[in-house]
Structures are given as structure tokens and as C-alpha cells.
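To keep things clear, I will list the structure first and then write my remarks on it.
Just so it is clear, the model here is predicted, and its values are computed rather than measured. Order of the sequence lines fixes the chain letters, A, B, ..., with proteins taken first and strands second; residue numbering starts at 1 for each chain.
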Number of protein chains: 2
Amino acid sequence: MQNIRTVTQNFDFHTHQFLNHISLDCVVFGFHDNQLKVLLIRMKYTKEWALPGGFVKEDESLEVAANRVLKDRTGLDNIFLKQFKVFSEPQRSDRNPAVKDLIDSGSNPDHEWFNQRFISIGFYALVDFSKAEPTPDFFSDLCAWKTLDEINTLILDHSQILNKALETLRLQLNYQPLGYNLLADKFTMPELQKLYETILGKELDRRNFQRKMLSYGILNKLQERKTGGAHKAPYLYEFNLENYQKALQNGLFGGW
Amino acid sequence: MQNIRTVTQNFDFHTHQFLNHISLDCVVFGFHDNQLKVLLIRMKYTKEWALPGGFVKEDESLEVAANRVLKDRTGLDNIFLKQFKVFSEPQRSDRNPAVKDLIDSGSNPDHEWFNQRFISIGFYALVDFSKAEPTPDFFSDLCAWKTLDEINTLILDHSQILNKALETLRLQLNYQPLGYNLLADKFTMPELQKLYETILGKELDRRNFQRKMLSYGILNKLQERKTGGAHKAPYLYEFNLENYQKALQNGLFGGW
DNA sequence: ATGTTAGTGTGTCATATTGACGCAATGATA
DNA sequence: TATCATTGCGTCAATATGACACACTAACAT
């Protein structure tokens, strides 16, 4: 019987042609002022904006690593997180020439590391805007929420990652509930609708939205109303956690 | 102004605590005899069954690597491929004790490599069963199609990967067309329906299925009928490629 | 205090979609 | 030529959807 030595003796493990660098990038969504926001960091040296991210330790799963990164960036635990795509184009780590010069200059011993191709796992996260405390990391001097239209160029392929995250979120809206992780505990129907509209990028009929949303059975209507607004006080709702979880598992149906 | 050297001087790049091993695993689906089949390989040394997979070269994207792997396994180019999840649990590379002994024995210099945790990107692929030529790789002595109920234990967490692929496929069925990559050029409505039923794991009403499928406008009905069966000869259909592509892009609606 | 205004709660109605089923036609087999 | 399982094509009630009407109310300006 041949042993594993025989089997593998011709296989070229040790040339390092298969040693890849892994990172993860997080698209962190929050909802505030009836607007969808994304958490970004600004690089210390180049002042470019980027998605928060990090590396994966050898004893961590990606999910654990992403949670660690987001705990660092927001102070929050148990964030709603989902892998959505891996980005691995060989050119994805190519910087624009000006930035590359900056990095290569100063006889920096780490520029080799920086110029490697990283295979990056994209996560999107949904967090309660009001509870997050944006905190920069080792490479950045700023961490802040940005609305989508405030975001111009991002580092590397991060714009592409952001767009894909949005696209994924839009798709998921069609077969799973959303809102629990983005809204306060109590919220109004118009607030929930605005959230949906912002993500979908289109307006929805107020009355039909309510009908459909209620039909899912994931909301508890409260007696309380939200006062202080300039108009008729809307009722407050909360999610029915039990049914919400079930709906996450089993899926909803009907698109928007 | 601080330069990048200052920025990174305290960051521990070089401990290798961030050097991960990457692999990819493919769940290759085919359809034959009205049954869904999955392509598996059998390991030379341990005789365990596994999903076909491979490593990613430093100048390849994941997609290119997966195409390379599948070209090797099936002889086919331009296979329909989709990432669906990354598997990264630290224990995922732990083998069962008996197998581990086999691998560690024989003073095999590569057993360290084999016992590493690999972060593996899961792909699923849809291929025309009749055109694929299953071919084992360097580590395997057999490559063959298996129906789902013929599959028992797979190596490592490959069963989990397979299940997740199936689950993903089921979900995708709700918002994108399927069939072009799995069926022959011409096919009958009952064949298409069987495909859907097999993936969903439940039966569908023949007449309602046809109505819904036709409503998508992705089929061309041919004048030809399929003879040879023991009963009334069903019409043949082909996919309307233009509309099929559009539907892939824009999505369908309504679930099963 | 009163009217205005914009946002809210609730309901209606025509139309489209869905699920469940009927029935005649057909092609190999007995 | 009869049988039988399967196919093509259709019906109908129930349900879901999209578009819209109308009354209500909290804050604000006058």
C-alpha cells in the first residue's frame, strides 16, 4: 500500500506559490436621520478612505475575526454579520501610482507586505447607529459614518465591495426580514418604511408597505405613540423576536 | 508628517500569525436520469470521498483557480460557477483520529502541511452531465458522479459544504433562472420540472409549473416533440438565451 | 382659539397571481 | 384495438397586489 509520502512527493507544496494573504473587509451599515450610513476609516498616512477590515489569526474563524474587528471599530458585541463575497482579483491590491510612491518611499521594510495581493472576504454588518462608537484602528486616524452620497473614492477595490454589499442587502430584503439590527427597539412604521426605501433606492406605497409588513407577523404593535413630530403621532412597533428569528430561518416571500 | 514606516513600526506583520492557507472546494452538480448528481473524488491513500478542490496560485483570482480545477476534473471550459460561502472554522481541518494516524505515520514531511487549518472558499458549479469527463487529481484515484443518497461521509467538513451548496441553490431558484447549464440544449417541460423538483426536494403541480415557467419568457417552444417515451410525446423546448441572460441579471420573482 | 398643513390610520376596489383541479388527446404496449 | 400513464390545454375560486379615497391629529402660524 502506498503511503502519503508516495502520494505527495511530487506535489510542490513548498514553493510558496500557494501561500496567499487573507484579509477581511466589513461594510458596516447603520441607519440615522432616515439615511443609510456606512462606517469608514481614513488612513493615517495617505488620508484615503477605506472600509474597516483586518486580518485573520490562525486560530480564528472568519466570523470570529470579523467580530473582533468590529468590536474594535464600534465597541459592539454580537453584531449581525454576513459574508457576501470574496474578492481575489490579482490586481485588486494595486494602488494608484501616487499612493504607491508614498508607500514605497522611506525605505519602508513593510512595503512588500502592503503590495501583496490580498484575498479579502467581504462581510456586511448591520448595527444600531446610536450604540456604535466609531474608533480608528492602527492604520487610520479617523473612523466615521458616511452617507452613501458622501462617499467618493475608496482605497483599492473598496468601492466595488461596498456596491456589492448594497446589492446583496437589496436581494436579501426579498426573502428575509430586516430592521431589528438597524433600528432602535421601538420604531414607527414610517421609519421602517424609510429604511426599506433607502436600501432599495425607491419609494414604496405607504399603505401597501404596512399591509405587507404586518402580514409577515414579525411586528408587535404597541399602544404607545411617538410624539414630538410635527404631525399626527404614529404608533410605535417592536419586533416580535420569536417570529423574526423564524422568518430569518425560513425566509419570507414576495419581493418588493 | 509621519511616514508609513512610523505608522507600521509596531504592527506585527512578520510573526506569521496572519499567514493563512487558502483552498477552494467545488460542489459540481449534474443532472442525469432525472436525478441530481454531485461530482466526488476518492482519496488515493485513505479512500475517503471528498469534493474536488484545489489551491489558489498567487497570480490567480479564485474564479480562475476554480475554473482551472474544474477543467482538470471534467474537461469542460466556461463552467457556470458561483462562490457561496467561505469555510474557516479552526477545527475544520481536523481529521478523524484513524485517518490522522495514517497521515502522520511514515515520517511524512508533508503532514504538517496537511494538518494546517485551511480557509476554503466554497463554489458550486452547474455542468452538463453528458459532456463532463470525470478525472481524478493528484491526490485521488477516482472521480465519479454520485446521487445525493449515495453519498455517506465525506472528508473533513465537506458534507457541510455540500449541504450549504444545496441550500444556496434552492434559494437562488427563487430569483434566478436555472437549467441552461444542467440540461441538454433541447429538453421537455417534464424534464425541467423534474430538475426543479429534485433541487427543491418536493413535488410541484405540473400545470402550474408550466404556466409559471412560460411566464418568465425564457423558453422557446419548438415544433419538435420527444418521441421514444412510452406515452404521449412531449414538446421540446430550448432556452431563449437572450432572455435567460437578462433574467439572470435582473432576477425573477415569486418563489416556489 | 382657530385654521392650516403635512403626515398618519384605515379601508376599498379592480386586477393579477396562485393553487387546485378537469378533461380530452396521444403514443407505446399488451 | 383496448389500455394506460402521461401530456396539452383549460377552468375557477381564493388570495395577493397595486392604486387610490377619506377621515384623523399634532404642531404651528395667525
Side-chain angles (χ1 to χ4, degrees), chain A residues 33-35 173-175 177 179 183-184 186-198 200-238 247 250-256, chain B residues 33-35 173-175 177 179 183-184 186-198 200-238 247 250-256:
Chain A
D33 262 353
N34 279 344
Q35 286 199 297
L173 223 49
N174 289 316
Y175 58 92
L183 297 174
K186 298 175 180 181
F187 52 90
T188 67
M189 192 62 78
E191 282 168 358
L192 184 58
Q193 183 180 341
K194 260 283 172 241
L195 173 57
Y196 271 72
E197 289 181 335
T198 310
L200 291 169
K202 71 177 176 192
E203 303 205 332
L204 302 170
D205 183 276
R206 187 170 63 85
R207 296 148 284 190
N208 295 337
F209 176 83
Q210 164 152 324
R211 179 176 52 195
K212 187 162 196 164
M213 194 54 72
L214 288 178
S215 78
Y216 291 148
I218 58 174
L219 295 179
N220 293 335
K221 183 175 183 173
L222 305 177
Q223 285 316 310
E224 233 174 317
R225 308 173 88 124
K226 173 170 184 167
T227 61
H231 305 290
K232 180 169 179 176
Y235 281 103
L236 286 168
Y237 291 83
E238 63 183 10
N250 308 333
L252 303 169
F253 268 115
W256 293 97
Chain B
D33 262 352
N34 278 345
Q35 287 198 295
L173 222 51
N174 288 316
Y175 59 93
L183 297 174
K186 297 175 182 180
F187 52 90
T188 67
M189 193 60 78
E191 282 167 358
L192 183 58
Q193 183 180 342
K194 261 280 172 246
L195 173 57
Y196 271 71
E197 290 180 334
T198 311
L200 291 171
K202 70 178 177 191
E203 303 206 331
L204 302 169
D205 183 276
R206 187 171 63 86
R207 294 147 284 189
N208 295 338
F209 176 83
Q210 164 150 328
R211 179 175 53 193
K212 186 162 197 164
M213 193 54 70
L214 288 178
S215 78
Y216 292 149
I218 58 173
L219 295 179
N220 293 335
K221 182 176 183 173
L222 305 177
Q223 286 316 309
E224 231 173 319
R225 309 172 88 124
K226 172 168 185 167
T227 59
H231 304 290
K232 180 167 179 177
Y235 281 103
L236 286 168
Y237 291 83
E238 64 184 9
N250 307 334
L252 304 169
F253 268 116
W256 293 99

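A:F187 meets the ring-ring contact (aromatic ring centres under 6.0 Å, His included) test with A:F239; sequence neighbours excluded. Legend: residues meeting salt bridge (Lys or Arg N to Asp or Glu O under 4.0 Å) with A:E224, ordered by chain and number and at least two apart, are A:K186.
In this structure, CZ of B:R211 is placed 16 Å from P of D:dG8, rounded to the nearest angstrom. Taking atom CE of A:M213 as the reference point, atom P of D:dG18 lies 13 Å away to the nearest angstrom. Rounding to whole angstrom units, CD of residue A:E203 and C1' of C:dG7 are separated by 14 Å. To the nearest angstrom, C1' of D:dT17 lies 17 Å from CG of A:L252. Between the CG atom of A:L222 and the C1' atom of C:dG9 there is a distance of 16 Å, rounded to whole Å. In this structure, NZ of A:K212 is placed 13 Å from C1' of D:dT15, rounded to the nearest angstrom. Computed from coordinates, the B:L204 CG to D:dT7 C1' distance equals 17 Å when rounded to whole Å. Between the C1' atom of C:dG9 and the CD atom of A:Q193 lies a distance of 13 Å, rounded to the nearest Å.
No side-chain donor-acceptor contact under 3.5 Å links A:D33 to the backbone of A:Q35.
Applying the 4.0 Å criterion to OP1 and OP2 of D:dG8, one finds that B:K226 has every side-chain N and O outside that range.
Checked against A:Y235 for a side chain to side chain donor-acceptor pair (under 3.5 Å), the options A:K226, A:Q223, A:R225 give a single hit: A:R225.
Between B:Y175 and A:Y175, the ring planes lie parallel to each other; the angle is under 30°, not in the 30° to 60° tilted range.
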Worksheet, complete the sentence: Under a 4.0 Å heavy-atom criterion, the protein footprint on nucleotides 20-30 of chain D, written with B, S and -, is BB--BBBS---

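Looking at heavy atoms from C-beta onward, B:E238 lies out of side-chain contact with B:L219 at the 4.5 angstrom threshold.
Counting only heavy atoms from C-beta on, B:Q210 has its side chain closest to D:dG8 among C:dT8, C:dT18, D:dG8.
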